[in-house]
Amino acid sequence: MTDIFISYSRKDKPWVKILATTLVAEGYDVWWDPEILPGQDYEIIIKEALAETKCVLTVWSKDSINSTWVKAESNKGLARNIYVPVLYHNVEPPMQFEHIQAANLMNWKGSTGDTRYQQLLSALDFHTSPSSEPMQLTSMKMIPWRWIVSGLVAIGLLITAYVVIKAFQDKGTLSHLVDSKPKSLAVKNQSQIGEYIDHGDGTVTDTKTHLMWKKCSEGLSGVGCNKGKIASIQWNVVIKQERAVGLGGYSDWRLPTVKELRSLIYCSNGVSQKDSWKDGGCSAKSNNFNRPTINQNIFPNTGNASYWSSLSHPSQNDYARIVYFDTGHYYELPKSGATSYVRLVRSDQ
C-alpha cells in the first residue's frame, strides 16, 4: 500500500514533480508517474493504485478542473474519506469538491519551510499515520459459517500447542527449539528507556518506528560514545561507505531519510516533534531547551549540529537534506564541500 496517490493533469507535471519529489524526501511512498508497460490496461492500473493508497492528493489547476480522469480519481478519494486537495492555480474545484478546504500552494516552488507546505504535511500525516487506517467492518452474514468454525478450531489447536510447548519449555525439554526473544533483543546488557531499547552492543532499537540506530555518531565508540572523535564528513563520501559497516552483525546500515531522522527529535521544553518541524524548531514554544534536541541518555555525545539524510534536494540534485539537532528542523547543504555528522540506521523488522 502506498501513502499518497497524486491525481493531476499531465500539463502540470513539472510542478507536480517538485511536489512529489519533496514528499518522497519526507519519507512518503508516493504514486504519481507510473510506467505503463505495453499490453497493460491503464484504467486497471489506476484502479488498483487508488484501492491501495492511504491518501488521494488532488492538484487542482486550470487544466485539471476539466479533466475527467482527475475528477474520477478524486471521487474515489472522496468516497473513502482520504481526499486531500491542493491548489496549484487560483481556480475553483468542481462543485462536488467545493466543500473540502484545499491547501493553497499557488506560487509554491519547493520550499519546505513554507507554512502552507507544513500545513499540507499535517493533513497528509493524518491520513498516512498507522493510527489513521480506517477499520474495515465485514457483515457476519457475508462470512460462511464453515470458515468461522474452521477458524475457531485453528485457534483451539494453536492454544493447545502453546500449552504443550510451554510445559516442555518450563522443564527445559524444548528450550533449544523455542527462542522467545528476537535476535535484536537477545543481548545480556540490554536496557530500555522509554521507547528505546539499548542492546548493549552499540545499537539501539526504537520500538515505535521499528528502526535500529547506531548509538554513536560516526567516529565515536564506547558505551558512552566517548571514544574517538566525531566525524564531520561530506555526503558524497559517506554515501559510498555506509553499507560497509558490520555493527551488530548487520551489513545493511544506511543513511536515514529525513523522516527517520526527524523521529529522533526531542524537545526538552515540551514542544512536540510535529510542532518542532515548523520554523524555529524546538523554540516554537520557548527558547529554553536542551541542545542537542535528542534523547541524550540513549544517544550520548550527539553533535549539536547537522546530520546528513540520504535524500537529495527535490530541485537541486547537488544538495542533500540535513536535520539540524541544535534546534530540531532541517535545511540543505551541498553534497560536495560541506560536511555534516552521520548516524546510520537500518530497518529492524
Self-check item: Carboxylate-amine/guanidinium proximity below 4.0 Å for Asp114 and Arg116
Solution: yes
Quiz item: Quick one: does Trp235's side chain have a donor or acceptor within less than 3.5 Å of a partner on Ser309's backbone?
Solution: yes
Quiz item: Between Tyr250 and Trp253, how do the two ring planes meet: parallel, tilted or perpendicular, split at 30° and 60°?
Solution: perpendicular
Exercise. Check whether the side chains of Asn288 and Asn269 place a donor and an acceptor atom closer than 3.5 Å, and report yes or no.
Key: no
Exercise. Applying side-chain contact (heavy atoms from CB on, under 4.5 Å) between Trp308 and each of Leu255, Ile239, Val323, report the one that passes.
Key: Leu255
Quiz item: Are the aromatic ring centres of Tyr117 and Trp108 under 6.0 angstrom apart?
Solution: yes
Self-check item: Pairwise side-chain contact, Trp213 with Arg346, heavy-atom cut-off 4.5 Å (strictly under)
Solution: no
Quiz item: With no hydrogens and no angle check, do the side chains of Lys71 and Ser7 hold a donor and an acceptor under 3.5 Å apart?
Solution: no
Quiz item: Between Tyr28 and Thr128, is any side-chain donor less than 3.5 angstrom from a side-chain acceptor?
Solution: no
Quiz prompt | Rounded distance [0.5 Å steps], CG in Asp33 versus OH in Tyr8 | solution = 4.5 Å
Exercise. Establish, from distance only, whether the side-chain atoms of Ser306 and Tyr330 form a donor-acceptor pair under 3.5 Å.
Key: no
Exercise. Please check if the side chain of Gln273 supplies one atom and the backbone of Ser263 the other of a donor-acceptor pair under 3.5 Å.
Key: yes
Quiz item: Would a distance-only check, ignoring hydrogens and angles, find a side-chain to backbone donor-acceptor pair under 3.5 Å from Lys227 to Leu220?
Solution: no
Quiz item: Hey, are His199 and Thr205 close enough side-chain-wise for a donor-acceptor pair under 3.5 Å?
Solution: yes
Practice problem: With rounding to the nearest 0.5 Å, note down the distance linking CG in Asp29 to CD in Glu52. | Solution: 11.0 Å
Quiz item: Could you state the interatomic distance from OG (Ser111) to CD (Gln118), rounded to the nearest 0.5 Å?
Solution: 8.5 Å
Quiz item: Measuring from Thr203:OG1 to Met212:CE, what's the distance to the nearest 0.5 Å?
Solution: 4.5 Å
Quiz item: Residues two or more places apart in sequence or in another chain: which of them pass salt bridge (Lys or Arg N to Asp or Glu O under 4.0 Å) with Glu26?
Solution: none
Exercise. Look at the side chain of Thr207 and the backbone N and O of Glu195, then say whether any donor-acceptor pair between them is shorter than 3.5 Å.
Key: yes
Determine all donor-acceptor pairs shorter than 3.5 Å in which one atom belongs to a side chain in residues 85-99; sequence neighbours excluded.
unit_1 : atom_1 : unit_2 : atom_2 : d
His89  : ND1    : Lys62  : N      : 3.1
His99  : ND1    : Gln96  : O      : 3.4

Quiz item: Only one of Asn301, Ile265, Thr302 clears side-chain contact (heavy atoms from CB on, under 4.5 Å) with Pro292; which?
Solution: Thr302
Self-check item: Distance-only donor-acceptor check, side chains Ser9 and Ser64, under 3.5 Å
Solution: no
Exercise. Kindly compute the distance separating OG1 (Thr339) from CD (Gln234), expressed to the nearest 0.5 Å.
Key: 7.5 Å
Quiz prompt | Short side-chain to backbone donor-acceptor contact, Thr53 and Val56, under 3.5 Å | solution = no
Quiz item: Can Ser61 and Asp12 be counted as having a side-chain donor-acceptor contact under 3.5 angstrom?
Solution: yes
Self-check item: Side-chain heavy-atom pair Ser340, Tyr307 within 4.5 angstrom cut-off
Solution: no
Quiz item: By disulfide (SG to SG under 2.5 Å), which residues pair with Cys55, not counting sequence neighbours?
Solution: none
Quiz item: Between Arg291 and Ser268, do the side chains contain an N or O donor and an N or O acceptor separated by less than 3.5 Å?
Solution: no
Practice problem: Can you measure from OG (Ser336) to OH (Tyr319) and round to the nearest 0.5 angstrom? | Solution: 11.0 Å
